[in-house]
Chemist: 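Dropping the structure in here first, questions after.
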Amino acid sequence: MELEAEAVFDVVDLLGVLTNGILGGVVARQLRMDLVGFVVLAIVSGLGGGMLRDTLLQQGFPVALTNPAYLTTALAGALVAYLMVFGSKWTFRALFVADCLSVGCWAATGTVKALGAGLAWPPAILLGVVTAVGGGMIRDIAVGRLPAIFGGNTLYATSALLASGLMALLSVLGHPTWGMAGAIVLSAVLSVSARRFGWRLPGPANLSPGALKRLRRHPTPGKHTRRG
């Protein structure tokens, strides 16, 4: 049963690599890049987060370099995006759902690897988030865009954070398989719901020094009581 669950998670992991490879290729098509651009953006999108995680953990070569399935899958994503035009809304919806599933899977995988390396749960959760959103962030920076995780209504970083936290909790309690499954489901549900209902994190407060001075000069009525 455990081996079957591991196989399912490996499939989801590679599905995320393929999906993000295609998404990297879609960006390359939007910017009218050549085949080299498709390949580079697909590799960065699909493998960047995991390679960054493994580099920070310093426990040998990144898995993306030792397991040929990862690089092959990322290149397949680049080829698909190079040959096909993704103009249908249903196609983008399918890619979006697959991407949401991979966010939870990558967040959980990064968290487990960090815990296995002996890190405490806060840095383990941080590396889970880095694994999940690092590739897309590097891709956006490479093409001169503001990384999507800094704004928008899909709450990718929030989903990755919650998925990593759930994975860390259940892993410590001795249920890593349930943690992996829960992280995937939680991330997918939250990200899809955020896109569907337009959920966003609150923006910054607008309390300038001038506004604070005005508040001090004109306190809210009813805040002070008379002494007598």
Side-chain angles (χ1 to χ4, degrees), residues 6-57 59-87 91-114 127-145 147-149 154 156-157 159-160 163-164 180 183-184 187-188 191:
E6 184 177 352
V8 171
F9 297 140
D10 288 341
V11 170
V12 175
D13 194 16
L14 290 175
L15 175 64
V17 174
L18 177 64
T19 301
N20 280 271
I22 294 174
L23 292 174
V26 169
V27 173
R29 180 178 290 275
Q30 292 172 349
L31 299 177
R32 299 182 179 277
M33 294 183 175
D34 60 11
L35 182 58
V36 173
F38 277 77
V39 170
V40 171
L41 291 189
I43 291 175
V44 168
S45 297
L47 306 178
M51 293 180 70
L52 181 58
R53 173 204 64 215
D54 292 342
T55 301
L56 291 173
L57 287 177
Q59 290 193 322
F61 294 112
V63 175
L65 300 182
T66 58
N67 187 342
Y70 284 90
L71 182 57
T72 303
T73 305
L75 293 176
L79 182 61
V80 170
Y82 185 75
L83 297 176
M84 298 178 60
V85 178
F86 292 87
T91 304
F92 275 108
R93 286 179 180 177
L95 289 174
F96 173 68
V97 172
D99 190 26
C100 292
L101 291 171
S102 67
V103 167
C105 181
W106 288 350
T109 302
T111 303
V112 167
K113 287 196 173 185
L127 283 185
V129 175
V130 167
T131 306
V133 303
M137 184 172 64
I138 296 172
R139 176 201 64 216
D140 291 342
I141 293 174
V143 299
R145 293 181 175 179
I149 64 167
T154 52
Y156 274 134
S159 300
S164 297
M180 181 75 75
I184 294 173
S187 172
S191 296

Chemist: With a cut-off of 3.5 Å and sequence neighbours excluded, list every side-chain donor-acceptor pair involving residues 61-70.
Modeler:
from, atom 1, to, atom 2, distance (Å)
T66, OG1, V63, O, 3.3
N67, OD1, A69, N, 3.1
Y70, OH, D13, OD2, 2.6

Chemist: Just by distance, do the side chain of R29 and the backbone of A81 share a donor-acceptor pair under 3.5 Å?
Modeler: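 Here the side-chain-to-backbone pair exists.
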Chemist: For C100, is there any backbone N or O sitting under 3.5 Å from a side-chain donor or acceptor partner on S187?
Modeler: yes
Chemist: As an exercise, state the distance from CG of D54 to NZ of K113, rounded to the nearest 0.5 Å.
Modeler: 4.5 Å
Chemist: Show the nearest heavy-atom pair for residues S45 and G24, with the distance to one decimal.
Modeler: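 Distance-wise, the nearest heavy atoms are OG-CA, 3.5 Å.
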Chemist: Quick one: CD1 on I138 to CG on L52, what's the gap to the nearest 0.5 Å?
Modeler: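 With rounding to 0.5 Å, CD1 (I138) is 5.5 Å from CG (L52).
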Chemist: Is a side-chain donor-acceptor pair under 3.5 Å present for T19 with S102?
Modeler: no
Chemist: What residue among V40, V27, V143 forms side chain to side chain contact (heavy atoms under 4.5 Å, CB included) with M33?
Modeler: V143
Chemist: Say you draw a straight line from CG of N20 to CG of D99; how long is it, rounded to the nearest 0.5 Å?
Modeler: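 These two atoms lie 4.5 Å from each other.
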Chemist: Listed by chain and number, what are the ring-ring contact (aromatic ring centres under 6.0 Å, His included) partners of F38, not counting sequence neighbours?
Modeler: Y82
Chemist: Roughly how far, to the nearest 0.5 Å, is CG of L41 from CD1 of I22?
Modeler: 14.0 Å
Chemist: Taking all non-hydrogen atoms of both residues into account, name the closest pair between A114 and L127 and its distance.
Modeler: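 Distance-wise, the nearest heavy atoms are CB-CD1, 3.8 Å.
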Chemist: What distance separates R53 CZ from M51 CE, expressed to the nearest 0.5 Å?
Modeler: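 Spacing of CZ (R53) from CE (M51) equals 10.5 Å.
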Chemist: Just how far is it from atom OG1 of T73 to atom CD1 of I43, taken to the nearest 0.5 Å?
Modeler: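 Separation between the atoms: 11.5 Å.
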Chemist: Just so I know, are the side chains of I141 and R145 near enough to count as touching, which here means a heavy-atom distance under 4.5 Å?
Modeler: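 A side-chain contact is absent here, since even the closest heavy-atom pair is not under 4.5 Å.
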Chemist: What pair of heavy atoms forms the shortest contact from A42 to A74, and how long is it?
Modeler: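 Heavy-atom minimum between the residues: CB-O, 3.7 Å.
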Chemist: Can you give me the closest heavy-atom contact between L101 and A188, atom names plus distance?
Modeler: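 In terms of heavy atoms, the two residues are closest at CD2-CB, 3.7 Å.
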